[in-house]
Amino acid sequence: MHYLSGYASIPFRWLYLMVLLTGLVCLSASLPDEHIERLRSVKSETITYQRDLAVHFDALDTLIQKYNVEDKDWMLAVFDKGMALNDSLSHSVFWSYYVLLYKAERYEEALKFSNTLIEYSENNGFNVSGDFYVEAGLLYSNEGDYTKQFEYFDKAQQAYLRDSSENITYALSTTGNLYEEVGNYDKAMELHLKALEYAEGMKNEHAKYYNITNKYLSIATLSDKQGDHTIAKEYFHKAVKFGEKQNNLDLRLYVYSLFIKYLIQQGDAATGEVIDAAIKFREDNAGQFKSEYLSYLNLNISNYGLKYNKQDLLIEPEELLNATLTNETKREIYTYASDYYSLRNNLKKTLEYKTLKEEVTILELEKLRASTERLVLGRDEIFDLQNQVKELEYENEMRNGILYFISTLMIMFTLFVVMLFRDNYRIKELNNDIASKKEKIVGHYEELERIAYVMTHDLKEPANTIKSFTELIQKKHLGELNPKTNQLFDVVQKTSSSMINTIGMLHNYLLVGITSDLGVVNTDEVYNEVLTNLAGVIRENNVVTKKNVKLPTLNAYRSDLVKLFQSIMSNAIKYSHPKRTPEIIVDYIDQPHHHCFSISDNGIGISQEKQTQIFDLFKRLHLKEEIDGSGIGLANARKIAELHNGELWVESEVGYGSTFFFTISKTLEG
C-alpha cells in the first residue's frame, strides 16, 4: 500500500492513458514476431501464375530488408519457380538476397546465385542490372579469375549505359583498377578519368563528392605508379579536400592513409603536417570508424614513426591486427612488425612475423597458381581454335576454287547460278567465322600476356623479398643463431629460389609462340647459342658434345627453338650417369614433310612406363631432394614442338641413356 499511495493525487484520465500506453508498448514489442509469422504464412500459398510470384517476392523482400531474416529454401524454391514461369525476375528481392549473402561472407553462394540470375536473364533476353555484373566480377577477383572479371566489368558498363545509370562510374572504376592490377597503367588512367567525368555530373551531392573523392584517390595512386609525382601529390590534396564534403568517414580516413604512405615513400617534408591532421580527425571521430580502416591509418603513421625514430607515434603491431583485414594489409603489418621487433632485438617475434608474412604470400601464390592452371587450359583451347581456323581457311580455299570453276562454266550451265549464290553465302559465313575465331585468339593472347606479367611481377617480387630478408637476417645476426635456426633459414632461401625458378619456367610455358616471330632460322646457330648458354654447366660436369651433321636452315620460332634445344640438353646433363663421362650427340634426319632432330645422351635412362609421363605439366619422376627441377621444362618443350606442327617423343632404356626426337613441319609460313 505504501508504494501505491503516491498515485492517489493522479487524475483518473492520466492513469488510464498510462495503462493504455503501457499496453501499446507491450503490443508493439510482440508485433515483429507476429508479423514475421504472417509473412511466412505466404510460403504455403500456391504459385500458378506470375501474379502469384509477386506476393511471394514481396513477402521475402520484407523479411530480408526489414527483419534481416533468411528463409533459404523458400527463396530458392520461388527463384526456381520464377524461372520456370519465365518471369523477368526484376524484383528488388534478388538484390536484397544477394546483399544478405555477401554481408554474411557467403561469397561462394553469392556468386552462384548471381551467375544463375545472369545466365537465365541473358538466355531469355531480360535486362540484368549492372550491379550484378560488377559484384560478380569482384567475387571472381577472390579466385584470381581475370577473364571473368574483364568480361563482367565490360557487361556492367553496357548495362549501366543502357539504363542511363550513374553507377557507370562504379563499373569504370572497377575496370580501371583491374587494368592497373595487371600493369596496363595507360588504360587504367583512361578509365579513371572517364569515371571522374561521370562522377562530376552526378545530381546527388553526397554521391557526387564520394565518387569524386574516390576518383581523385585512384588518379593519385596511379600517377605515383607512373612516376608522375607532381600530379600524384596534387590529386592527393584534392582527395583530402573533397573528402571533407562527403559523409563517409572511412573514406576520409583511407585518403589520409594512402597520402601518408605516399609522402613517406617520397621523403616529403609535409608528411608531419598531414599526419597531425589525420590524428586530429581520428581523435575527433573516435569510435566511428571500421576497424580495418583505422588499422591501416595507424599502420602508416607507425611506419613514419619507425622510419624517423618517433617513438610516440609507434603502435604495438598486435593492436593493428583484426579479422577484417585483407591479405595485402596483413603483409604490410607483418613487415612493420618484423622491423619493429628487429629494432628491439626481439629475434623470436621478428621470425614469427616474417613467417606469418611468408604464409600469407604462399596463400596468394596458391590462388594465382590456380588461376594459372585455368590459363594453361585456356592455352590449349587457343591451339584448338587455331586448328579450327586452319580447317576453315582450307575449306574456304577449296570453295573459292569451286567458285572459280563454276563461274567459267556459267554461260553454258545457267543452272549453276543457284550453286554460285549458295557458295558465295557459305564463303561469307566462313570468312565471318574465321574473323570471329581470330578475334577470340587475339583476346586469349592478350589475356595470357597480362596474366604472365602479373605472375612474373607480383609472384616473383614477394619470393625475392623473402629470400633477401632471410639473407639479411643471417648476415646481421651472424654467430648469434643456433644451427637449427640457420638450417631453417637455408630451407626458406632454397624454397624461395625454387619458387622464383618455377615461376619463370611457367611464364615461358604460357608465352610459347606469343613473344617470338616465325622466320628463317639457321639451326646450326641455334645449337651454338645453346652451347654458349650452357657453357658453365658443361665445363663443370666435363660434358662431351658432338654434332654428327650440318643442321638445316628452316622456318621456325627462333627463341622458342633455342628453349627446346636447351631444355633437352640441360636435362641430359642433369640426369647424367654418375659413373660415366656425360656425352650429348645431336643428329638430323630429313623427312618428306618434316625436319627431324635427335638429341642422345648416355645418362640414367627412363623406364618404358614413364616415357610419356615426363611431358606432362608439373610431372616429375624424381624427388626434389634427389634431382632439382620444376616439372615444367619438358612440358614446355612439347608445347614448342606442337607450335611447329611437330611432335616430341623419347626412346630410352634404363641405365643406357635416352634419345629425344622432335620434328618441325616444312610447311610453316612466316
Side-chain angles (χ1 to χ4, degrees), residues 169 173-174 176-177 180-181 185 188-189 191-193 195-196 199-200 206 208-286 288-310 312-315 317 319-320 324-326 328-333 335-336 339-340:
T169 303
S173 298
T174 51
N177 292 337
E180 184 176 343
E181 187 178 344
Y185 295 153
M189 183 64 82
L191 290 164
H192 284 315
L193 289 171
L196 178 60
E200 290 171 338
H206 293 307
K208 176 180 178 178
Y209 290 129
Y210 175 84
N211 280 281
I212 288 176
T213 303
N214 256 316
K215 288 306 95 205
Y216 283 156
L217 193 59
S218 297
I219 293 168
T221 54
L222 188 54
S223 298
D224 176 31
K225 290 180 180 179
Q226 291 179 309
D228 196 338
H229 299 300
T230 303
I231 295 295
K233 191 171 181 179
E234 175 190 343
Y235 274 91
F236 271 123
H237 278 296
K238 286 184 176 182
V240 171
K241 180 180 177 182
F242 273 79
E244 296 171 358
K245 298 182 179 183
Q246 54 84 45
N247 296 331
N248 191 309
L249 298 179
D250 289 324
L251 177 58
R252 290 180 64 184
L253 204 68
Y254 189 54
V255 170
Y256 276 123
S257 300
L258 291 186
F259 195 11
I260 291 168
K261 183 177 180 180
Y262 166 77
L263 292 173
I264 293 171
Q265 291 171 347
Q266 297 305 310
D268 198 297
T271 313
E273 296 175 15
V274 177
I275 286 177
D276 290 341
I279 291 174
K280 184 178 185 306
F281 174 66
R282 181 187 68 187
E283 302 306 323
D284 289 345
N285 298 278
Q288 300 185 59
F289 304 110
K290 290 181 181 177
S291 58
E292 59 266 35
Y293 290 97
L294 188 59
S295 288
Y296 198 54
L297 176 71
N298 291 336
L299 167 66
N300 285 289
I301 293 174
S302 296
N303 275 328
Y304 177 77
L306 201 62
K307 184 173 182 179
Y308 294 102
N309 195 27
K310 295 182 179 292
D312 58 313
L313 295 179
L314 297 181
I315 297 176
E319 294 180 23
L320 300 174
T324 59
L325 299 174
T326 64
E328 182 61 36
T329 303
K330 286 179 183 176
R331 268 204 298 267
E332 291 187 45
I333 292 175
T335 300
Y336 163 71
D339 292 341
Y340 177 89

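Residue indices begin at 1 and follow the sequence shown.
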Could you give the distance from [atom1] ([X]) to [atom2] ([Y]), rounded to the nearest 0.5 Å?
{"X": "Thr213", "Y": "Gln246", "atom1": "OG1", "atom2": "CD", "value": "5.0 Å"}
{"X": "Thr271", "Y": "Tyr262", "atom1": "OG1", "atom2": "OH", "value": "10.0 Å"}
{"X": "Ile301", "Y": "Ile260", "atom1": "CD1", "atom2": "CD1", "value": "5.0 Å"}
{"X": "Leu253", "Y": "Asn285", "atom1": "CG", "atom2": "CG", "value": "9.0 Å"}
{"X": "Ile231", "Y": "Met189", "atom1": "CD1", "atom2": "CE", "value": "8.0 Å"}
{"X": "Thr221", "Y": "Leu258", "atom1": "OG1", "atom2": "CG", "value": "7.0 Å"}

Quick check: closest heavy atoms across [X] and [Y], and the distance to 0.1 Å?
{"X": "Ala199", "Y": "Thr169", "answer": "N-OG1, 3.7 Å"}
{"X": "Leu320", "Y": "Ile315", "answer": "CD2-CG2, 4.1 Å"}
{"X": "His192", "Y": "Gly176", "answer": "NE2-C, 3.7 Å"}

Stepwise side chain to side chain contact (heavy atoms under 4.5 Å, CB included) test for Ser302 and Tyr336: CA-CA 8 Å; Ser302 296; Tyr336 163 71; 3.4 Å; yes
Any non-hydrogen side-chain atom of [X] less than 4.5 Å from a side-chain atom of [Y]?
{"X": "Asn300", "Y": "Ile275", "value": "no"}
{"X": "Ile279", "Y": "Leu313", "value": "yes"}
{"X": "Ser295", "Y": "Leu325", "value": "yes"}
{"X": "Lys261", "Y": "Asn303", "value": "no"}

More than 12 heavy atoms of other groups within 6.0 Å of [X] [atom1]:
{"X": "Lys290", "atom1": "NZ", "result": "no"}
{"X": "Glu273", "atom1": "CD", "result": "no"}
{"X": "His229", "atom1": "NE2", "result": "yes"}

With Thr326 via side chain to side chain donor-acceptor pair (under 3.5 Å) - residues at least two apart: Thr329
Leu314 vs Lys310, side chain to side chain contact (heavy atoms under 4.5 Å, CB included): CA-CA, chis, key distance, verdict: CA-CA 7 Å; Leu314 297 181; Lys310 295 182 179 292; over 6 Å; no
Return each pair, listed once, that meets salt bridge (Lys or Arg N to Asp or Glu O under 4.0 Å) where at least one residue sits in [range]; pairs must be two or more places apart or across chains.
{"range": "residues 276-285", "value": "Lys280-Asp284"}
{"range": "residues 235-260", "value": "Glu234-Lys238"}
{"range": "residues 209-225", "value": "Glu180-Lys225"}

Side chain to side chain contact (heavy atoms under 4.5 Å, CB included) evaluation trace for Tyr254 with Leu217: CA-CA 9 Å; Tyr254 189 54; Leu217 193 59; 3.7 Å; yes
Side chain to side chain contact (heavy atoms under 4.5 Å, CB included) assessment of Leu263 paired with Phe236: CA-CA 10 Å; Leu263 292 173; Phe236 271 123; over 6 Å; no
All ring-ring contact (aromatic ring centres under 6.0 Å, His included) counterparts of Phe281, not counting sequence neighbours: Tyr256, Phe289
Non-neighbouring partners of Tyr235 that pass ring-ring contact (aromatic ring centres under 6.0 Å, His included), sequence neighbours left out: Tyr216
